[in-house]
Number of protein chains: 2
Amino acid sequence: MTAPAARRGRPRNEDADGRILEAARKLLFERGYDRFAMDEVAARAQVAKTTLYRRWPTKDHLLVALVARIQDEVPVADTGDLRRDLVVYLTAVATGLNGMRAVGRPGAPGDRSAGVVAELVAAAARHPDVGDAVRALFARRNALPLALLDRARERGELRTGCSSELVFDQLAGALYYRLLVTGEPIGAEYVEELVDQVLVGAAATPRPDPRPERT
Amino acid sequence: MTAPAARRGRPRNEDADGRILEAARKLLFERGYDRFAMDEVAARAQVAKTTLYRRWPTKDHLLVALVARIQDEVPVADTGDLRRDLVVYLTAVATGLNGMRAVGRPGAPGDRSAGVVAELVAAAARHPDVGDAVRALFARRNALPLALLDRARERGELRTGCSSELVFDQLAGALYYRLLVTGEPIGAEYVEELVDQVLVGAAATPRPDPRPERT
DNA sequence: CCATTTACGCTACTGCAGTTGCGAAAAGGC
DNA sequence: GCCTTTTCGCAACTGCAGTAGCGTAAATGG
């Protein structure tokens, strides 16, 4: 796959890629995406600006390349306990998202901004190819939790007629909706409530109400 | 509330506001947000660029003002049938969102972009005050469907212990997640499946499976 | 009438994304 | 060794967001 190919002309300075991405990463975390200047990335990476644009046609493209690289692998537990596994996974996602809020900003405590994630979404909307890349990124990231749901379905724990995608949309959707739209914080309690609520709707056996508070 | 106030200096040309917003609206729909130049808005509205910036400190601010103005009131039916009312409302929202995709773009049929909505979200993330405005916008828009849920709860149709906000997060979240992240189209069937699924989880009386397909 | 206050238009400026053109460097093919 | 191909660095450029300074117009208060 990673064939050297030995093409015709002067070879690319592969070393430069790393320097650029590293410089970009630092600059992004220092300043955030808006005060992130391509000229300065080039300067810090000891590279001409044109070289930079030969690799990533726009700033947005560089951003997704950066995020794709940084993206810490969210670990997926698979203990067979669907509820617990989902809570673990979504909590990790929420923690990551909360961390993305403050990237490159003065650490205001009441920060309700979606930070880098919002810029990523906007970049995906601006350039079709960036959109494809972002979707591929998410598909890769979501493959494991989706498999979790499929396996629970095979064990007979989920209703037939409700697709795993739909269930996952509800879970991830609520999280991203909070992050991107309402801006409300996403705490651990919220994640648990959410999972419980969604699983009530998705479970095959009518579960008892997880929070029986009838007085 | 709309006191003339009769302040001290030269009064604002209120007429200009309308001209600017109208010119901006047209330009936005012609070109989309990225090829939308403030200079041209000023030119079309017969106004100096500085005047423009005296009213909206950034392009992002002008955008939200524009969207807040355009925002067609989504009608809320309240027939007492929660499922039907939610489907009606969310379908209207989905239609609106789908319409937002193509704004200012060559009408590519397979358009997966989130268009203006993504820019709105990014703008909200960039400027705290824009974020507040956008959240106020959504709060206003969502007040009625939330009331719908509250009323159903009063009728005893919803489980205790699951907040209306959480239910609404699942519904709206799935829609926005599809629009902004996965980019998948949001059809009428999807909305119905979603509502059914969420209501199974939220209903007080354990509903029968809405799609019994067990063979 | 005149001073003050605020809005307007105009021009010129900075900063940054992205482009263009060109000469030089580094590889392969012969 | 020479030609071709591709990358690189450099410098100058366009386009647009946003700003600054300044003279002028339109209102209020005395």
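Under a 4.0 Å N-O distance rule, the pair B:R126/B:D60 qualifies as a salt bridge.
Straight-line distance from the OH atom of A:Y53 to the C1' atom of D:dT6: 22 Å, rounded to whole Å. Atom-to-atom, CG of A:D17 to C1' of D:dT7 comes out at 12 Å; the value is rounded to the nearest Å. In this structure, A:L52 places its CG atom 14 Å from C1' of D:dT7, rounding to the nearest Å. Between A:W56 atom CH2 and C:dA17 atom P there is a gap of 15 Å when expressed in whole angstrom units. Taking atom CZ of B:R12 as the reference point, atom C1' of C:dT5 lies 14 Å away to the nearest angstrom. Atom-to-atom, CD of B:E14 to P of D:dA27 comes out at 13 Å; the value is rounded to the nearest Å. The separation between B:D34 atom CG and C:dG18 atom P is 11 Å, rounded to whole Å.
Residues from residues 35-43 of chain B lying near DNA chain D, meaning a heavy-atom separation below 4.0 Å, are B:F36, B:A37, B:M38, B:D39 in numerical order.
With D:dG18, D:dA26, C:dG18 as the choices, the nucleotide that has an atom nearest any side-chain atom of B:K59 turns out to be D:dG18.
One cannot find a donor-acceptor pair under 3.5 Å joining the base of D:dT6 and the side-chain atoms of A:R10.
Listed here is the closest heavy atom pair of B:R44 and B:L27: NH2-CD1, 3.3 Å.
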>> If you apply the rule side chain to side chain contact (heavy atoms under 4.5 Å, CB included), what do you find for A:R54 with A:T50, and how did you get there?
In response: CA-CA 6 Å; A:R54 260 175 220 116; A:T50 43; 3.9 Å; yes

> Between B:F36 and B:L62, is a side chain to side chain contact (heavy atoms under 4.5 Å, CB included) present by the stated rule, with each step listed?
Replying inline: CA-CA 11 Å; B:F36 167 96; B:L62 178 55; 4.1 Å; yes

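Taking the ring pair (Phe, Tyr, Trp, His ring centres under 6.0 Å) definition, one finds that B:Y176 meets it with A:Y177, B:F138, sequence neighbours left out. Here A:D129 pairs with A:H61 under the side-chain hydrogen bond (donor to acceptor under 3.5 Å, both in side chains) rule; sequence neighbours left out. The salt bridge (charged side-chain N to carboxylate O under 4.0 Å, His left out) test applied to B:R12 returns no partner, not counting sequence neighbours.
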> In the 5'-to-3' direction, what one-character label does each nucleotide of nucleotides 9-14 of chain C receive under the scheme B = base within less than 4.0 Å of a protein heavy atom, S = sugar-phosphate only, - = no such atom?
Replying inline: BB----

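For the pair B:D169 (side chain) and A:A174 (backbone), a donor-acceptor distance under 3.5 Å is absent.
Both A:G9 and A:R55 lie near DNA chain D, and the one whose nearest nucleotide falls closer to the 5' end is A:G9.
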Check residues 87-97 of chain B and write down every donor-acceptor pair under 3.5 Å in which the side-chain atom is one partner and the other belongs to a residue at least two apart or another chain.
residue	atom	partner	partner atom	Å
B:Y89	OH	B:R141	O	3.2
B:T91	OG1	B:V87	O	2.5
B:T95	OG1	B:T91	O	2.8

